[in-house]
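Worksheet: one structure, shown below.
Everything numeric here is computed off the predicted structure, so don't read it as measured data. The analysis underlying the following values was restricted to heavy atoms, covering all of them including side chains, and did not include hydrogens, waters or symmetry mates.
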There are 2 protein chains.
Amino acid sequence: MSRELGTAQPKYLRIAAELRAILERGDYGPGDRLPGENTLAADFGVASLTMRQALALLRSEGLVGSRKGSGWYVEAFRPIRRHGIPRVARAQWGSGKTIWSADDDRAPDVDQVNVAEGETPPQHIAAVLELAEGEAVCIRSRRYVVEGRPVMLAASYLPQALVADTAITEANPGPGGIYARLADLGHAPVRFREEIRVRVPSAEEATRLSLPADRSVIKVARTAFDGEGRAVEINEMTMDSAAYVLDYEFGA
Amino acid sequence: MSRELGTAQPKYLRIAAELRAILERGDYGPGDRLPGENTLAADFGVASLTMRQALALLRSEGLVGSRKGSGWYVEAFRPIRRHGIPRVARAQWGSGKTIWSADDDRAPDVDQVNVAEGETPPQHIAAVLELAEGEAVCIRSRRYVVEGRPVMLAASYLPQALVADTAITEANPGPGGIYARLADLGHAPVRFREEIRVRVPSAEEATRLSLPADRSVIKVARTAFDGEGRAVEINEMTMDSAAYVLDYEFGA
DNA sequence: CAGTGGTCTAGACCACCAA
DNA sequence: TGGTGGTCTAGACCACTGC
């Protein structure tokens with residue numbers, strides 16, 4: 001028995017576990033509306049705030065979502081698999097495919113595209129790009145939306161001096177994306193590092209991704225190095241942690 | 001101005017942001033005790049439950065920790081950098097510059113070591129290991145503790161038929177670990193896949209890792225394939241999401 | 001023992017949604 | 001307009017810490 005009789009769990013955790021079991025058993029289908037929190041609170045015999053605590057926990061896991069003035073709903077979204085290491089990376093650069101569409105996941109819509117030139121970079125970006133004091137960057141930012149749900153924000157930082165007056169500063173950088181353009185400039189990326197951490201979203205990130213404040217996000221910082229070992233681009237991605245499975249495949 | 005006058009944020013978020021700024025400014029050093037939540041609530045002019053909401057948010061980020069009956073403390077732990085792709089497998093790539101600071105793999109203490117033979121595997125494990133109906137696995141589980149703080153749980157699943165009566169079923173599998181023993185058996189791992197997702201810890205995981213219920217965990221499932229493409233081991237890791245930076249480096 | 005964090009309650013007000 | 005989730009309050013009881 002793994003019932004843990006001695007260490008009685010608090011009510012909100014027991015209710016959360018019970019709700020989780022009910023949802024995984026399939027009593028409610030994806031997208032279905034749950035009873036209101038007052039109804040549920042009465043059913044479970046607890047105060048509504050306690051009920052909210054349990055529901056909020058399930059929401060932070062991505063199992064349910066809430067709409068103000070409307071109700072609680074079973075989350076219907078299927079996670080996206082992102083392949084961090086493209087299978088045949090280099091061959092795809094000239095082929096018109098972007099890094100993203102090389103992944104085996106659903107094609108996203110891209111919106112909130114913005115290119116800003118001559119920006120002052122954050123300190124940790126400037127350090128990795130080895131910029132001189134006061135040197136500027138070009139920032140390409142965008143949002144990815146899958147099946148109507150915003151799932152990722154991304155911001156690419158490139159040295160302004162490197163990309164000025166090239167297609168990289170255009171909203172559409174042309175076939176092969178910015179890596180193909182960097183190759184045109186003699187700075188083809190040959191090596192990448194992806195650093196991953198989990199954070200609480202900033203207020204702006206929570207808004208743009210329509211996330212509850214207690215949902216965590218996955219931060220992936222991808223640094224591209226050219227043949228001389230110079231960092232030529234940093235792509236900082238911010239993903240809804242409930243929407244993604246990251247995937248890395250490599251040899252021994 | 002990015003003050004967001006129109007969309008007034010709730011008090012607990014504004015207070016959390018203010019506290020975050022105070023902590024990052026360094027008013028309190030690592031390990032320092034903060035004023036009690038009642039004192040803080042009075043200072044900020046809110047009810048203590050509202051104050052708790054703000055503190056709990058910072059705790060879920062790993063910025064502060066609480067000890068029942070004692071107080072709130074500034075978290076002193078420096079994140080660990082885990083290299084998903086072993087150094088030996090990487091060429092002599094220079095440039096140590098990284099986006100986020102974290103210490104490289106401090107040597108952990110390993111405790112709660114357990115080897116269980118003849119176990120029935122979870123369904124998703126059996127599927128990847130391509131086990132026949134009813135076929136058993138050997139489960140090697142352990143906990144990693146760094147500087148007195150439990151940071152990761154790991155459980156390796158191997159086909160029982162493959163490892164029976166080998167050193168792999170011993171608590172100490174000998175020099176080179178279980179991969180060397182798999183090589184001895186003619187099943188040296190030559191390819192790996194790591195799948196990463198973020199979850200809320202189970203009650204058992206929260207207990208074994210001493211995590212607050214609202215702290216998320218990083219799940220890494222590492223599958224090892226031998227030369228014939230057979231999955232010979234799955235290592236399911238569960239990490240405190242505030243304790244780790246994952247790092248993958250690879251060529252184009 | 002006093003003080004602390006953890007849980008829980010009852011009730012209030014607001015913004016938002018749907019009929 | 002009534003119901004819903006989101007926020008906030010005041011206060012209670014408990015378990016634990018540390019003197």
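- Atom pair B:Gln9:CD and C:dA15:P shows a separation of 16 Å (rounding to whole Å applied).
- Distances shorter than 4.0 Å separate none of the side-chain N or O atoms of A:Ser66 from OP1 or OP2 on D:dT4.
- Rounded to a whole Å, the CD atom of A:Glu37 is 14 Å from the C1' atom of C:dC17.
- Computed from coordinates, the B:Leu40 CG to C:dG3 C1' distance equals 15 Å when rounded to whole Å.
- Under the rule for a salt bridge (Lys or Arg N to Asp or Glu O under 4.0 Å), the partners of B:Glu205 that lie at least two apart in sequence or sit in another chain are B:Lys219.
- Side-chain nitrogen and oxygen atoms of A:Lys11 include at least one within less than 4.0 Å of the OP1 or OP2 phosphate oxygen of C:dT9.
- Contacts of residues 51-65 of chain B with DNA chain C (heavy atom under 4.0 Å): B:Arg52, B:Arg59.
- Comment: A:Arg197 does not engage A:Glu195 in a salt bridge, judged by the lack of any side-chain N to carboxylate O separation of less than 4.0 angstrom.
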Provide a list of protein-nucleic acid N or O atom pairs under 3.5 angstrom, restricted to nucleotides 11-17 of chain D.
from	atom 1	to	atom 2	distance (Å)
D:dT17	O4'	B:Gly69	O	3.4

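- What separates CG of A:Asp214 from P of D:dG5 is a distance of 16 Å, to the nearest Å.
- For C:dT4, neither phosphate oxygen OP1 nor OP2 lies less than 4.0 angstrom from any side-chain nitrogen or oxygen of B:Trp72.
- Applying the salt bridge (charged side-chain N to carboxylate O under 4.0 Å, His left out) rule to pairs touching residues 141-151 of chain B yields B:Glu75-B:Arg149, B:Arg106-B:Glu147, B:Asp111-B:Arg143, B:Arg149-B:Asp240, sequence neighbours excluded.
- Considering only residues two or more places apart in sequence or on other chains, B:Asp27 meets the salt bridge (Lys or Arg N to Asp or Glu O under 4.0 Å) condition with B:Arg25.
- Note on residues 58-71 of chain A: pairs passing salt bridge (charged side-chain N to carboxylate O under 4.0 Å, His left out), not counting sequence neighbours, are A:Arg20-A:Glu61.
- Remark: C1' of D:dG5 and CG of A:Leu34 are 13 Å apart, rounded to the nearest angstrom.
- Screening residues 192-220 of chain B for ring-ring contact (aromatic ring centres under 6.0 Å, His included), with sequence neighbours left out, gives A:Phe250-B:Phe192, B:Tyr179-B:Phe192.
- Listed by chain and residue number, B:Arg208 satisfy the side-chain hydrogen bond (donor to acceptor under 3.5 Å, both in side chains) test with B:Gln112 (two or more places apart in sequence, or in another chain).
- Listed by chain and residue number, B:Tyr248 satisfy the ring pair (Phe, Tyr, Trp, His ring centres under 6.0 Å) test with A:Tyr248 (two or more places apart in sequence, or in another chain).
- An OP1 or OP2 oxygen of D:dC8 is reached within less than 4.0 angstrom by no side-chain nitrogen or oxygen of B:Tyr12.
- For A:Arg33, the CZ atom sits in a packed shell: over 12 heavy atoms of surrounding residues, nucleotides or ligands are nearer than 6.0 Å.
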